[in-house]
S.K.: 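Just passing along the structure, written as structure tokens.
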Amino acid sequence: MEKKENNLMEKIVSLCKRRGFIFPGSEIYGGLAGTYDWGHFGVALKNNIKQSWWKKFVDNRRDMYGIDAAILMNSKVWEATGHVANFADSLDGKQFNTMLKTEVGAKKEEVAVSYLRPETAQGMFVNFKNTVDAFHPKLPFGMAQIGKVFRNEIAPRDFLFRQREFEQMEVEYFTKEEDWGKYFEYWKGEMLDWMEEVGIDMSKIHELEIPDKDRAHYSSRTIDFEFEYPFGQKELFGLAYRTDFDLKNHKLDYIDEEKGDKIIPHVIEPTFGVDRAALALLLSAYCEDEKGGEVRAYLKFKPSIAPVICAVSPLLKNKPELVEYANTKIFAPLKAEFGRVIWDDNGNIGKRYRRQDEIGTPFCIVVDFDTLTDDTVTVRDRDTGEQERIKIENLKNYIREKI
Ligand code: ATP
């Protein structure tokens, strides 16, 4: 069992490299542990994950304010929050602070120590007052941010799971103290909904209540959503009740405009790692079956998340009339409409299907000689391998209905 599961990680890592999703960072110089570079299809996957998250948690709501704060912050931020003292991991009995330290400023006498942020959360807390002053939100309301974070992990490992540079999608949801329990439950539900919506295998998700002694220094209650990775059941996302810890430390408060009361709101924090989301999606989507006596591998991504929605192919690439038709009548209008459309005329049709299966493209559209006379194309379904003929005038609607 273990062998088979380890095998699965190897297959995913190799597919990601071969098909242009994810490459080891700085590879031609021997790499840099804990870093990865995202290729064309990986960027598309990551963008779809982030867009779906932003749509659900920001665009579709009335109580959420987006922010894109600087990665470099005044080191006083990290002193105030206890990160300088507490953001540590231990190895052989020694404690190591895992914030990535850097220097800001060129002239010696002006150099200041700074840290590359280890969480996006503080970018929101330090802009709490700016947001309240600019938008006058009523409690409860939230702030949301997607961005890079850095942690000097002692032992980066397991592909995207533990890196030194990665991305987070976080919400800080501000409520009155007495309401924290209600919103903790509410956000738990929202997180589960989103996981299901993007296509994470929910049978592999487990909730873990983190005991007092293991919680981060700022949290009074934390639930981890764990995922069954091939290397073990480990954290995918987290939900924390940060109390009024951060606002209090930054000496920030909130004035209820109607009552005039000054209070320190309490915070519920749903946090999502983009990279772990991508890994869980790759693992959830990876399938193998047998087609024509051969094993084929495919990524069963939902069309909304797949890097490519459809590939367009002329049956033969040396027939100018097919190529011209496929290009002008099919590829160009689909590309203009959906963006995530690619042209694939490399190798024979069987090879193209295998390639698109591995990329996770839900539909392959083939233009053949019948197309020239009856204005229909073949649309092949990734999961079943079944093909149907669709009128060109109905193609856009056919695809629109699936995404
Ligand atoms: P772990 O216990 O695995 O170190 P954590 O509890 O420190 O994780 P958080 O501080 O809650 O993680 O970070 C929020 C999210 O960021 C996590 O739920 C995870 O998705 C992601 N994350 C954390 N550390 C890493 C890492 N080194 N590489 C990739 N993603 C990470």
Side-chain angles (χ1 to χ4, degrees), residues 13 22 24-25 32-38 42 46 49-50 53 57 71 78 81-83 86-91 95-100 115-125 144-172 187-188 191-192 194-195 198 200 204-229 231-242 245-246 267-284:
V13 172
I22 299 154
L32 177 67
T35 65
Y36 284 90
D37 297 339
W38 295 68
K46 215 157 58 147
I49 292 170
K50 289 190 275 188
W53 189 92
F57 295 123
I71 289 173
W78 307 112
T81 56
H83 280 75
N86 295 317
F87 199 75
D89 209 348
S90 52
L91 180 72
Q95 287 283 103
F96 290 91
N97 193 294
T98 53
M99 281 199 294
L100 258 158
Y115 300 92
L116 303 183
R117 65 182 181 201
E119 57 174 30
T120 57
Q122 296 309 324
M124 294 184 262
F125 294 125
Q145 175 161 227
I146 300 180
K148 282 257 170 145
V149 301
F150 301 80
R151 292 184 188 179
N152 208 355
E153 297 278 3
I154 294 173
R157 61 187 174 280
D158 297 321
F159 194 35
L160 306 177
F161 180 78
R162 191 167 299 289
Q163 300 170 84
R164 289 190 169 132
E165 173 176 344
F166 55 98
E167 266 180 293
Q168 289 182 333
M169 308 181 281
E170 291 191 308
V171 166
E172 306 304 331
W187 278 103
K188 194 166 108 178
M191 292 181 81
L192 289 165
W194 183 79
M195 290 180 223
V198 286
I200 287 172
K204 292 200 160 80
I205 292 287
H206 305 275
E207 284 172 33
L208 178 73
E209 184 81 40
I210 305 294
D212 287 5
K213 62 177 179 29
D214 297 334
R215 275 197 305 264
H217 64 278
Y218 50 73
S219 171
S220 298
R221 187 181 172 197
T222 299
I223 288 179
D224 279 358
F225 291 97
E226 295 194 319
F227 183 79
E228 290 173 38
Y229 302 94
F231 45 85
Q233 185 176 309
K234 292 180 184 196
E235 177 173 343
L236 173 62
F237 306 138
L239 176 63
Y241 168 38
R242 286 181 90 121
F245 178 86
D246 302 272
V267 172
I268 306 297
E269 178 192 68
T271 174
F272 303 70
V274 178
D275 310 66
R276 286 191 193 174
L279 178 57
L281 280 170
L282 284 160
L283 288 163
S284 301

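Order of appearance sets the numbers: ligands from 1, and atoms from 1 within every ligand.
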S.K.: Tell me which residues fall inside the under-4.0 Å heavy-atom shell around ligand 1.
M.R.: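 Answer by chain and number: Arg151, Glu153, Leu160, Phe161, Arg162, Gln163, Phe166, Gln168, Glu235, Leu236, Phe237, Gly238, Thr271, Gly273, Arg276.
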S.K.: Is the closest basic N to carboxylate O distance between Arg242 and Glu119 below 4.0 Å?
M.R.: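 Yes, charged N to carboxylate O under 4.0 Å.
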S.K.: Using the test salt bridge (charged side-chain N to carboxylate O under 4.0 Å, His left out), find all partners of Arg215 that sit at least two apart in sequence or belong to another chain.
M.R.: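 Result, salt bridge (charged side-chain N to carboxylate O under 4.0 Å, His left out) vs Arg215: Asp212.
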S.K.: Considering the options Gln233, His206, Lys234, which one meets the side-chain hydrogen bond (donor to acceptor under 3.5 Å, both in side chains) requirement together with Glu226?
M.R.: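 Among Gln233, His206, Lys234, the one meeting side-chain hydrogen bond (donor to acceptor under 3.5 Å, both in side chains) with Glu226 is Gln233.
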S.K.: Determine, step by step, whether Trp78 and Phe87 satisfy the side chain to side chain contact (heavy atoms under 4.5 Å, CB included) criterion, reporting the C-alpha distance in whole Å, the side-chain angles of both residues, the deciding distance to 0.1 Å, and the verdict.
M.R.: CA-CA 9 Å; Trp78 307 112; Phe87 199 75; over 6 Å; no
S.K.: Report the residues that fulfil side-chain contact (heavy atoms from CB on, under 4.5 Å) with Ala278, sequence neighbours left out, ordered by chain and then residue number.
M.R.: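 By the side-chain contact (heavy atoms from CB on, under 4.5 Å) rule, Ala278 matches Trp38, Leu45, Ile49, Leu160.
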S.K.: Quick one: side-chain contact (heavy atoms from CB on, under 4.5 Å) partners of Pro156, sequence neighbours excluded?
M.R.: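 Counting only residues at least two positions away or on another chain, Pro156 forms a side-chain contact (heavy atoms from CB on, under 4.5 Å) with Ala33, Arg164.
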